[in-house]
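Following: one structure in structure tokens, then a few remarks.
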Protein chains: 2
Amino acid sequence: MGIAERKAKEKEELKALILSAAKKLFAEKGIEETTIRSIAREIEYSVGTVYVYYKDKTEILHELHQQGFAQLGGEMRSLFNVSDPMERLKAIGRTYMNFALENTQMYDLMFNMKAPMEFIKANEEKTWKEGHGTFDALRNTVKDCIDHGYFKGHQLEPLSFAIWSSVHGMCSLYIRDRVKAATGQEPDELMGSAYEDLMLLFSRK
Amino acid sequence: MGIAERKAKEKEELKALILSAAKKLFAEKGIEETTIRSIAREIEYSVGTVYVYYKDKTEILHELHQQGFAQLGGEMRSLFNVSDPMERLKAIGRTYMNFALENTQMYDLMFNMKAPMEFIKANEEKTWKEGHGTFDALRNTVKDCIDHGYFKGHQLEPLSFAIWSSVHGMCSLYIRDRVKAATGQEPDELMGSAYEDLMLLFSRK
DNA sequence: TTTTATTTTGAACGATGTTCATTATGTTTG
DNA sequence: CAAACATAATGAACATCGTTCAAAATAAAA
């Protein structure tokens, strides 16, 4: 079955080619501006071909969003060896925020856009594995912090969500262009100092 | 000049009619699904007429977004008489969150969508008056809290932004459908308990 | 009544996501 | 090698979107 094998490989290659073109384009021009036609033009195939390999645009966005989680997850895993739990929490937050600021379009897709969630619902995939996994990492670290005397009187689940929300909120406001307009401060500076203020709040015993 | 007067009034009325139709439709069906054609159909005028009164869709969205700020601002003003600053901060946060949960589409427009910000940029309105005003109310309250011994060691500006971010983050994740998927908890319950956890964190002297 | 000004209209344009009969290419078989 | 079959690629066509603008309808003025 050498031929069937090669064919299958070629199909996979073209699928990956489409995906990488989409990734490139939407990091460059943004998600909204990345059309199926522009992807087809980029890889020098016709529009129709894109639809042979992906059933619609949300499927492409969903796969990209998974790639994003793979990257973020990888960066997070490299922090698991930080033994002090509060230090680890801070490191996770920083990594998360840096990821958002350096990959604004991808972050937007992962945590703001509706397309990936719609794909999940439409395909009866009950759970959002990627997001779930990332949140687990945070919750475990928060648990460690509580066990080490931080966050007295707090409940694990709501607290973990609140912590995630606070960093996500900063990133989201930044990406959606509300920071400068509301505060009058320089966004990039404010993000750094606000993050430190947040961590100061979290790390009080 | 009775006629010119009446004409001007009629123009204003039609403008308002378009806006209210848009508001109704997008609270019902969502912003993305509210098209210029559907607005025209709702008020029983042609598409072209809409463009006589609004230069494009972002202008409509911008006006709606201003209405949203007027409403939120009004609800906030009624809390200015709460004398204890930490109580006021908590009340502001609750009001803000309730507004978001009860007017998801409007909140989305005000703090997530790009259209209103693009309109502001395109029209050389240097500042985002509405957002700026709302943030000022928060900052003043945070200032009062600091003066009363809360948030020791924190800086006003970054701290205020961090507080805003944390509540906005929760609302944003809720509206963009990430809460259940990531945490596994029931969103509506979690929002409440997470808010309390957040306030517990803020109110520690 | 005729002329002028204003308001409303909807066909038309370009761009989007998507579909599918047709064409082109590659593989197998007689 | 040629004919039959299978697979892959194509791009015109469709519906919908925001938007434009010459033409028609209506109102005001002369």
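Chain letters run A, B, ... following the sequence lines, proteins first, then strands; residues in each count from 1.
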What's the [atom1]-[atom2] distance between [X] and [N], to the nearest Å?
| X | N | atom1 | atom2 | answer |
| --- | --- | --- | --- | --- |
| A:Arg41 | C:dT16 | CZ | C1' | 12 Å |
| B:Glu32 | C:dG17 | CD | C1' | 14 Å |
| A:Ile43 | D:dA8 | CD1 | P | 15 Å |
| A:Tyr45 | C:dT23 | OH | P | 21 Å |
| B:Glu44 | C:dT8 | CD | P | 14 Å |
| B:Lys57 | D:dG18 | NZ | P | 4 Å |
| A:Tyr51 | D:dC14 | OH | C1' | 13 Å |
| B:Ile39 | D:dC17 | CD1 | P | 11 Å |

> DNA chain D: A:Arg37 or A:Tyr53, which has the more 5' nearest nucleotide?
Replying inline: A:Tyr53
>> Can you see if the side chain of B:Thr49 gets near the phosphate of C:dT9 - specifically, an N or O under 4.0 Å from OP1 or OP2?
In response: yes
>> Of the listed nucleotides (C:dT19, C:dG10, D:dG18), which one gets closest to any side-chain atom of B:Ser46?
In response: C:dG10
>> Heavy atoms from C-beta onward define the side chain here; which of D:dG11, D:dC17, D:dT19 lies closest to that of B:Ile36?
In response: D:dT19
> Touch check for B:Tyr54, heavy atoms < 4.0 angstrom, all strands: base, sugar-phosphate only, or nothing?
Replying inline: nothing
>> Between A:Met97 and A:Cys171, is there a side-chain heavy-atom distance shorter than 4.5 Å?
In response: yes
> To the nearest 0.5 Å, what is the distance between CD1 (A:Ile163) and CG (A:Leu201)?
Replying inline: 10.0 Å
>> Does B:Lys15 qualify as a cation-pi partner of B:Tyr54, given the criterion of NZ or CZ under 6.0 Å from the six-membered ring centre and within 45 degrees of its axis?
In response: yes
>> Closest-nucleotide mapping onto DNA chain C: is A:Val47 or B:Leu14 further toward the 5' terminus? I mean the 5' end.
In response: B:Leu14
>> Between B:Asp144 and B:Arg88, does any NZ, NE, NH1 or NH2 come within less than 4.0 Å of an OD or OE carboxylate oxygen?
In response: yes
>> Does the plane of the ring in B:Phe69 sit parallel, tilted or perpendicular to the ring in B:Trp128? Use 30° and 60° as the thresholds.
In response: perpendicular
